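None of the values given here were measured: they were computed from a predicted structure.
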Amino acid sequence: MMPGRQVVTITGDGCMMMSAMELSTAARECLPVKFFVLDDQVYHYMQILQKQAYKRTTATVLARLDYPNLAKGLGLTHVAIDSGDDLEAKVRGVLALPGPVLITVRVDSGKRPCRWINAVRGRFTKELSTQQKVRFLGRLGVRSLKVHLEDD
């Protein structure tokens, strides 16, 4: 522990769905952690990976989570940041709040490049065996020929 230090987490909404119960520990122990959730309602990285590999996405749209009621049910304060207007002041205000706080930040990932995926793609492609590469390219070819009107 480091008393007197500000602790924050920044996670996506998909990861929050997998680890939300950690909020209950912060509430139970009255830990002044600020939980920032970047909310775009999709598994954004999975969409990028699936589109590139399979020419479609499957199961990447998230169920709509009721963050205010989740926070209330666990005993946390909830703050929603719905725009980037005066963002620094909003963040400073949240950091000044006592106790644990769940902050949802509405984001639109849009077509923004995902640098870490681009950075590691070549390395992992090199690690595939010839058989794995052939199998992958075969799947990609078949899926490229099939028409999918909808993703997910």
Mind checking the [atom1]-[atom2] spacing from [X] to [Y]? Nearest 0.5 Å is all I need.
X   : Y    : atom1 : atom2 : result
L38 : R106 : CG    : CZ    : 12.0 Å
R56 : Q47  : CZ    : CD    : 14.0 Å
D82 : T104 : CG    : OG1   : 6.5 Å
Q41 : D108 : CD    : CG    : 10.5 Å
D13 : R64  : CG    : CZ    : 7.5 Å
L31 : T25  : CG    : OG1   : 8.0 Å

Going hydrophobic residue to hydrophobic residue with side-chain gaps under 4.5 angstrom, can you get from [X] over to [Y]?
X   : Y   : value
L62 : M18 : yes
M21 : V7  : yes
V79 : V37 : no
L87 : L97 : yes
Y67 : V33 : yes

Min side-chain heavy-atom separation [X]-[Y] under 4.5 Å:
X   : Y   : value
T57 : Y43 : no
L23 : M16 : yes
V8  : L95 : yes

With K90, which residues qualify under side chain to side chain donor-acceptor pair (under 3.5 Å), at least two apart?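 Checked K90 against side chain to side chain donor-acceptor pair (under 3.5 Å); matches are S83.
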Worked check of side chain to side chain contact (heavy atoms under 4.5 Å, CB included) between Q132 and E127: CA-CA 10 Å; Q132 289 171 318; E127 292 177 2; over 6 Å; no
Among T11, L76, V101, find the residue that satisfies the side chain to side chain contact (heavy atoms under 4.5 Å, CB included) test when tested with F35.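 Exactly one candidate clears the test, L76.
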Sole residue of V94, L102, T9 in side chain to side chain contact (heavy atoms under 4.5 Å, CB included) with F36: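 Per the side chain to side chain contact (heavy atoms under 4.5 Å, CB included) rule, the option paired with F36 is V94, out of V94, L102, T9.
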Exercise: identify the closest heavy-atom pair between A71 and H78: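 Reported closest heavy-atom pair: CB-CB, 3.6 Å.
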Which pair of non-hydrogen atoms, one from P100 and one from A27, has the smallest distance, and what is that distance?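 Taking every non-hydrogen atom into account, CG-CA, 3.8 Å.
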Do side-chain atoms of K34 reach the backbone of V91 as a donor and acceptor pair under 3.5 angstrom?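 Not at all, since once roles are kept as given, no pair shorter than 3.5 Å links the two residues.
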Tell me whether K72 at atom NZ has more than 12 heavy atoms from other residues, nucleotides or ligands lying less than 6.0 Å away.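 At most 12 heavy atoms, drawn from other residues, nucleotides or ligands, come within 6.0 Å of this atom.
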